[in-house]
Every structure is written in C-alpha cells, then in structure tokens.
Number of protein chains: 2
Amino acid sequence: MLSQKAKYAMRALLYLAQAEPDQPVLIGDIAERQQVPRKFLELILLELKRHGLVRSYRGKNGGYTLARRADEIFFGHVIRMIDGPLAQLPCASKTAYRRCEDCQDEATCAIRKVLRQVRDASSHILDHTSLADVMNQRPTGLDLGAGI
Amino acid sequence: MLSQKAKYAMRALLYLAQAEPDQPVLIGDIAERQQVPRKFLELILLELKRHGLVRSYRGKNGGYTLARRADEIFFGHVIRMIDGPLAQLPCASKTAYRRCEDCQDEATCAIRKVLRQVRDASSHILDHTSLADVMNQRPTGLDLGAGI
DNA sequence: TTATTCTCTATCACCTGAGTAGAGATTAAA
DNA sequence: TTTAATCTCTACTCAGGTGATAGAGAATAA
C-alpha cells in the first residue's frame with residue numbers, strides 16, 4: 001500500500017503544479033485545499049525540498065513552488081523518495097537491490113522471478129508518467145481507466 | 001512490500017508443488033527445508049487450507065498436500081489472500097474497491113488514475129502466473145529476468 | 001492405547017506510520 | 001528597526017500491525 005505520506009506528497013505536488021509558476025503557495029493553503037494535516041505536510045514538503053522537487057521561500061510572501069516543470073516530475077521518483085523501492089521484495093528491486101536474508105538460491109527463486117516482472121511493469125508506468133500527464137486536463141474529461 | 005507471511009506461504013506452496021502428489025508433507029519438513037519458523041507456518045498453512053489451496057491430513061502419516069494442481073494456483077490469489085488487495089490504494093482496487101475517505105473527486109483523481117494502471121499491470125502478471133509457470137524447471141535453467 | 005500430526009486461541013514484543021508540539025531561523029514590509 | 005508572516009527543525013506520542021511464540025485440544029494410524 002501507498003502510505004498516506006506519499007499520497008499527501010503527490011497531492012501537494014499536483015496542487016503546486018496547477019498554481020501560477022513562480023508564485024509561492026502557502027503550506028496552509030495546500031493543507032486546507034488538499035485536506036492534509038498541516039504540521040504533517042510541513043515535514044513532507046521539507047522532504048520534497050531536500051530531494052529537489054520543490055523550492056521554498058521564507059518570510060512574508062513566502063511559500064512553495066515546484067522546482068521543476070510538471071512534465072519532469074515522475075510518480076516513480078516521488079514514491080521511491082517517500083516510501084522506498086517500488087519492488088515488493090528487496091531482491092526484486094533495481095534501484096535498491098538487497099539480497100533476501102533467508103534466500104536459499106536467488107538464481108532459481110520463483111518468487112523473485114515473478115516479483116521482478118511486476119516491478120518492471122510498475123516502474124515502466126510510474127517512471128514514465130509525470131504530473132503533467134495526469135493533471136486535470138478539464139473537469140469533465142473522459143476517464144481513461146475502466147469503470148469501477 | 002510483500003509480507004514475510006506471504007513469502008512463507010509461497011515458499012510452502014512451491015515446496016508442496018514439488019513433492020509427490022498425494023504424499024502428505026509434514027509441517028516440520030516444510031519449515032526446516034524452507035527456513036520458516038514452524039509455529040508461524042502452522043498458522044499460514046491453516047489459512048491456506050481455509051482458502052482451499054491445500055489439504056491437510058491429521059494423525060500419523062498426516063501432513064499437507066496441494067488441493068489443486070500447481071498450474072491452477074496463481075500468485076495473485078495467494079498474495080490477495082494473505083496480504084490483501086494488490087492495488088496500492090483501496091480506490092484503485094478491482095477486487096476490493098473502497099473509496100478513499102479523504103478523496104475530493106475520484107473521477108478526476110490523478111493519483112488513482114496512475115495507480116489503477118499499475119494495479120492492472122501487476123494483476124495481469126500475478127493472475128496469469130501459476131506456481132507451475134515458475135517452478136524450478138531444472139537447476140541450471142536460464143534466468144528469465146535481466147541481470148542484477 | 002499411544003505416538004504422531006494437525007488445529008486453534010491467546011499472548012507478546014517490537015517497529016512503523018501518522019500525526020502533534022513547540023521553539024528557532026529568515027525575510028518582507030511597515 | 002521592529003513586527004508579523006513563513007518556513008525549518010528536533011523531539012515526542014500513540015495506535016496498530018507484523019512476526020512471531022506457547023500450549024492445550026482434536027483426530028488418526030498403527
């Protein structure tokens with residue numbers, strides 16, 4: 001499962017992406033409009049800043065802006081920075097590979113084999129979908145996915 | 001991340017899949033060979049039994065066997081039964097859809113849009129890959145995945 | 001009757017996720 | 001120069017879940 005934190009991070013980024021570029025947005029504004037607990041959001045934005053996704057301005061008229069264009073911020077990047085590797089097992093990760101402690105033979109491990117495919121498929125989507133790709137084109141746009 | 005429990009469940013199932021059919025395998029045997037804590041494995045096998053994936057026999061010469069052929073047991077099924085829905089968000093799940101509490105407009109939610117694609121891709125793999133598909137064809141078989 | 005197995009309920013320690021609190025640093029503007 | 005507005009940072013709490021363990025009970029083959 002995606003953590004709340006990652007969900008909040010995406011909401012904040014998407015909100016910033018829709019704001020005027022170079023016009024800082026207040027934490028309080030994001031928190032209120034996106035229904036994110038304010039103090040928690042502070043931590044999240046700090047983290048996003050440290051990872052270079054947003055820029056901050058202090059003092060009066062301060063706030064946050066995106067540090068890159070919305071078509072240069074990918075979901076895969078955001079998820080990895082908040083929740084860690086996309087893979088479901090450390091041994092199936094490409095960006096954060098780690099051997100499973102209790103693995104007997106990684107080369108023939110069936111579980112790893114399947115989960116690597118899943119990881120590859122997931123990252124293929126997440127690393128090629130940017131904020132811009134999914135932003136609110138228009139309120140009444142078609143839904144891409146199948147029905148619920 | 002996949003839980004330890006789910007990993008253990010898969011190991012147990014794969015081990016059973018490689019045993020003689022109709023020749024019950026002891027919990028203790030699975031536990032030892034697959035490096036799974038025995039008492040924990042008891043719980044897991046019980047759960048797999050309740051979900052109809054394994055059969056159990058009590059008393060002397062008892063043990064466990066698969067309740068279906070290995071090509072009829074899919075990873076998606078196992079993961080869902082142990083860890084819950086494959087989707088990263090309840091609102092992106094098909095088999096266990098639930099609205100996100102704090103969602104403002106599901107129809108235009110960008111996060112959901114992306115995570116549904118990921119879910120679809122993942123379940124496409126996991127629901128079409130059976131134990132038989134990935135079993136140890138031969139000890140020195142080729143590795144399907146890319147290198148580490 | 002007994003040894004062997006699975007079955008079931010209860011319990012527990014630890015860790016992580018989610019969130020809160022409050023003082024500190026910086027800046028624009030009056 | 002002062003003040004109010006903002007972001008920054010460290011520390012803390014608290015609930016719930018994960019990964020087990022313990023031990024009595026029930027079934028069965030020999």
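Lettering follows sequence order; numbering is per chain, from 1.
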**OP:** Could you check how far CG of B/L41 sits from P of D/dG19, rounded to whole Å?
**Re:** 14 Å
Original post:
Are A/L26 and A/E32 close enough that some pair of their side-chain heavy atoms sits under 4.5 Å apart?
Top reply: no
Original post:
Just how far, in rounded Å, is P of D/dT18 from CD1 of B/I44?
Top reply: 13 Å
Original post:
Roughly, in whole Å, what's the span from CG in A/L26 to C1' in D/dA4?
Top reply: 13 Å
Original post:
Please give, in whole Å, the distance from D/dT8 C1' to A/R38 CZ?
Top reply: 12 Å
Original post:
In whole angstrom, what separates A/I82's CD1 from C/dG19's P?
Top reply: 14 Å
Original post:
Under 4.0 angstrom, heavy atoms only, what part of the nucleic acid is A/G63 near: base, sugar-phosphate, or nothing?
Top reply: sugar-phosphate
**OP:** Rounded to the nearest angstrom, tell me the gap between atom NZ in A/K60 and atom C1' in D/dT2.
**Re:** 12 Å
Subject >> Closest non-hydrogen atom pair, B/D133 against B/H128 >> reply: OD2-O, 3.5 Å
**OP:** Starting at the 5' end of nucleotides 7-18 of chain C, put B wherever the base has a protein heavy atom under 4.0 Å, S where only the sugar-phosphate does, and a dash everywhere else.
**Re:** BBB--------S
Original post:
Would you say a side-chain N or O of B/N61 is under 4.0 Å from OP1 or OP2 of D/dA30?
Top reply: yes
Subject >> Salt-bridge contact B/R50-B/E47 (side-chain N to carboxylate O under 4.0 Å) >> reply: no
Subject >> Spacing between B/E47 atom CD and C/dC6 atom P, to the nearest angstrom >> reply: 17 Å
Original post:
Does B/D102 come within less than 4.0 Å of A/R11, counting only side-chain N to carboxylate O?
Top reply: yes
Original post:
Under 4.0 Å between a Lys/Arg side-chain N and an Asp/Glu carboxylate O for A/R80 and A/D127?
Top reply: yes
Original post:
Between A/R38 and A/D29, does at least one N-O distance fall below 4.0 Å, as a salt bridge requires?
Top reply: no
